[in-house]
Structures are given as C-alpha cells and as structure tokens.
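To start, the structure itself, in structure tokens.
Keep in mind that what you see is a predicted model, and the values were worked out from it rather than measured. Order of listing sets the numbers, starting from 1, for every ligand and every atom in it.
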Amino acid sequence: MRIGILTGGGDCPGLNAVIRAVTKSALIHYQAEVIGFRDGFRGLVDNDTIPLHYETVSNILNVGGTILGSANRERFFGLKRDGTSSSNEGPDRTRDAAEVFRHHKLDRLVCIGGDGTLRIAHYLAKHADIPVIGVPKTIDNDVAKTDMTFGFDSAVTTVTEAIDKLHTTARSHHRVMVVEVMGRTAGWIALYGGVAGGGDILLLPEVPFSTEAICNKVLDRNRFGKRFSIVVAAEGAFPQPNDPLSGIEFHKSGGIGQHVTHEIEKRTGISSRVTVLGHLQRGGSPTPFDRILGTRYGYSATEAVIHSAPNVVICLNKGEMIPLPIEEVAGAPKLVPVDHPLLLAAQSVGSSIGI
Ligand code: F6P
C-alpha cells in the first residue's frame with residue numbers, strides 16, 4: 001500500500017496528531033509507505049512531496065499547525081464554492097493532480113481538511129479518478145455528519161481563557177467587552193466559548209441579532225448591579241433587517257465586533273472595547289482532547305485506507321468513527337440549530353442571544 005496525505009484549508013491544532021497517527025499506524029500495522037504533499041493541493045499538482053517516515057512524525061503530537069503546510073482558498077481545479085467547475089478561476093490542474101498521483105503509484109490520497117478541502121477531494125475522486133479518504137478538520141466544527149472536529153476544543157479553550165481575562169478588566173472598569181471569535185457561517189465557537197467563559201450576550205450567524213436587544217441586556221445588567229458585560233460575537237454574526245446596523249456592509253470574515261462595540265457605547269453611554277481573537281484561535285499546541293481526537297481520526301483513516309471502499313470521510317458519529325460517502329459530507333456546513341440544547345442552556349442561565 002502506498003498512501004499520500006495532505007492538509008488543506010486553514011490550519012488547526014491537532015493536524016499533526018492526525019498526520020502522525022495515519023503514518024505510524026500505516027507503517028507499524030500495514031508496512032505501507034506514506035508520502036506527504038506540501039501546502040495542500042499545491043503539493044499534489046506541483047509534485048512537491050516529503051517522505052513520511054517514523055522519525056518524521058516523531059515528537060509532533062503536541063505541536064500546533066501542520067508539518068506538511070497548508071493553503072486556504074486554493075484555485076487549482078477551477079471550482080466554484082458549490083463544487084461545480086468553472087473556467088474562469090485560473091488554470092485547471094486536474095490532469096496534473098491525476099498524473100502526480102499515478103507517478104507515485106499511490107493507492108489512496110488522505111485529504112485532511114474542512115468543507116472546502118473535502119469538496120475538492122470529492123471533485124478529484126470524480127474527475128481525476130483519485131481514490132480519496134477525507135478527514136474532517138476545522139476549528140469551526142461545522143463539518144456535516146460529524147459530531148466534533150479536532151481543533152475545535154483547542155479554539156474553544158483559547159476563547160475561554162480570553163474571556164476569563166476580559167472579565168477581570170471589564171469588571172474593574174465597568175465596561176462592555178466585545179470579543180469577536182471565528183465562525184463565518186457557523187457559531188459553534190461563539191456558543192461553546194461563550195458558555196464556557198460565561199458570556200452575557202452570544203451573537204451567532206444562525207441568529208440575526210437586534211442591536212436594541214443587546215443594549216437592553218447591557219442596561220438591564222447595569223440596573224441589577226452588574227456594571228460590566230461580555231459580548232461574544234462570531235465573525236459572521238449579522239443584524240436583523242431594519243436594525244440600525246443593517247445598513248453597514250458586513251464581511252463574513254470579521255469586523256462585526258467593532259460595529260457592535262461602537263453602537264453599544266453610543267446607545268448606552270457605557271465605555272466599550274473590542275478584542276478580535278483572530279488567528280490566535282488557530283495557533284498553539286492542541287489540547288489533550290484534540291490530541292486524542294486527532295489520533296482517533298488518523299488511525300481510523302488508515303483503517304479505512306486498508307479496509308473500506310474509497311471516497312469516504314471519517315466521521316465521528318455518537319462516539320464511533322465511521323466512514324461515510326464523501327458526497328454526504330462535503331458541501332453542506334453543519335450550523336447551530338436554534339433549538340440546540342447548549343443554546344437553550346445558555347439562555348436558561350441568563351445569557352442573551354441578542355434577540
Ligand atoms: O475555517 C477556519 C477559519 O479559521 C475560519 O474560522 C475563519 O473565518 C477563516 O478560517 C479565516 O481564514 P484565513 O486564515 O484565510 O483568513
């Protein structure tokens with residue numbers, strides 16, 4: 001067996017745990033050969049490889065990022081966001097990908113990535129006849145049919161620590177602290193981080209907010225002697241139609257925190273500050289939970305390489321790792337349902353969701 005492996009999309013803590021587990025289990029149990037492609041699909045189309053030996057993947061379990069390198073928003077296959085091909089997105093390198101895969105006599109390509117990477121993997125399976133095994137990765141936790149992606153717990157840990165620190169300064173200065181977290185289409189980080197950090201107002205892309213409701217919550221807290229508030233806003237959160245902030249141009253990739261902060265201060269007269277956590281959420285060492293989850297995903301990917309039909313994604317389903325057809329997983333991000341138990345729990349302990 002010869003296995004190729006690449007990491008695509010935004011990096012996240014735990015990627016190296018997966019690379020290590022795929023490689024070690026393939027070497028130890030199946031005497032397979034493993035090669036890595038550098039910088040996601042670029043390494044595949046450019047034939048830029050790194051042989052993965054036992055020593056190459058030693059001492060990387062606790063290291064953040066990816067030893068293979070990664071790239072976001074790659075355009076080698078002229079793909080539109082919905083996965084259909086388009087001729088105006090740069091040269092189509094599908095043929096190069098197929099040739100490099102065959103040149104190395106690979107049996108499977110393990111693609112570790114989020115929704116974008118899985119969509120490209122699906123495309124390559126269909127159009128380049130490359131048998132793929134997907135491993136879902138994203139701090140956003142928004143991969144369909146997958147209870148939890150590795151990297152999410154590390155990101156939530158970073159958010160929680162940040163909120164803990166913001167609490168003490170918010171309380172001292174009687175301020176509103178808005179913390180903007182990642183999550184363009186899904187609010188999982190805002191929800192979990194917000195609940196773990198005891199955020200007072202949680203703004204998710206799934207629940208368009210009302211500026212008035214946010215300000216009322218801040219003022220209510222003040223009336224009850226809580227002279228500070230913590231607002232946790234996903235970068236993709238946006239206002240309801242006809243909201244005072246609805247005229248402003250919103251970018252899914254951030255900036256909302258600044259607008260909300262400004263509006264709160266203007267309307268309540270309470271000093272307000274914003275902290276954008278940005279890529280801090282993707283960096284650093286993975287939590288023990290993510291090291292374990294990454295190891296499970298990696299081991300299961302190798303098992304799928306050896307024992308499953310190709311073109312599947314390893315999904316965590318009620319505690320079990322199961323391979324599901326890639327077309328069922330790629331292309332449909334998992335959003336926070338408005339009746340999610342944690343969203344209800346957050347509100348039951350007094351957090352507002354800005355409506
Ligand atoms: O998908 C992971 C993610 O970190 C998102 O949460 C974020 O919106 C995006 O990537 C940022 O991408 P980039 O690093 O390309 O700015």
Side-chain angles (χ1 to χ4, degrees), residues 6-16 18 39-42 64-66 68-76 79 81 83 89-90 111-121 134-144 146 148-160 162-163 178-194 196 202-206 232-238 249-260 274-287 290 293-294 297 313 329-336:
L6 60 81
T7 52
D11 70 334
C12 83
L15 277 167
N16 285 329
V18 182
D39 306 338
F41 293 101
R42 188 203 59 77
T66 159
L68 294 177
S70 193
N72 225 349
R73 297 184 243 298
E74 296 171 299
R75 289 284 181 272
F76 298 116
L79 284 188
R81 266 197 78 74
E89 300 252 8
C111 299
I112 312 171
D115 194 51
T117 301
L118 296 178
R119 271 202 308 256
I120 295 173
V135 177
K137 165 252 43 156
T138 168
I139 63 164
D140 296 336
N141 194 35
D142 62 352
V143 175
T146 308
M148 197 166 283
T149 49
F150 62 91
F152 175 62
D153 184 67
S154 302
V156 167
T157 300
T158 298
V159 170
T160 306
I163 297 175
V178 176
V179 53
E180 182 181 300
V181 303
M182 280 185 167
R184 276 176 296 191
T185 46
W188 295 104
I189 295 178
L191 175 60
Y192 274 69
L202 315 180
L203 307 180
L204 277 50
E206 293 87 347
V232 184
E235 61 187 337
F238 61 95
E249 202 180 316
F250 281 91
H251 299 283
K252 287 260 169 208
S253 52
I256 175 67
Q258 184 70 49
H259 293 299
V260 169
V274 62
T275 302
V276 180
L277 290 183
H279 291 78
L280 285 174
Q281 295 159 94
R282 290 217 317 239
S285 187
T287 58
D290 279 337
L293 194 55
Y297 272 117
V313 178
V329 182
K334 179 186 71 175
L335 303 181
V336 177

Quiz prompt | Contact check, H279 vs ligand 1, heavy-atom distance below 4.0 Å | solution = yes

Quiz item: In chain order, what residues pass the side chain to side chain contact (heavy atoms under 4.5 Å, CB included) check against A121, with sequence neighbours excluded?
Solution: C111, V132, I326

Exercise. Could you tell me whether K334 and D142 make a salt bridge, using a distance below 4.0 angstrom between a side-chain N and a carboxylate O?
Key: no

Quiz item: Any heavy atom of G183 sitting closer than 4.0 Å to ligand 1?
Solution: yes

Self-check item: Test side-chain contact (heavy atoms from CB on, under 4.5 Å) applied to P136 and V329, T146, D115, the passing residue
Solution: T146

Exercise. Scan side-chain atoms only and decide if T287 and D153 contain a donor-acceptor pair under the 3.5 Å cut-off.
Key: yes

Quiz item: Going by the atom numbers of ligand 1, which of them fall below 4.0 Å from some non-hydrogen atom of E235?
Solution: 5 (C), 6 (O), 7 (C), 8 (O)

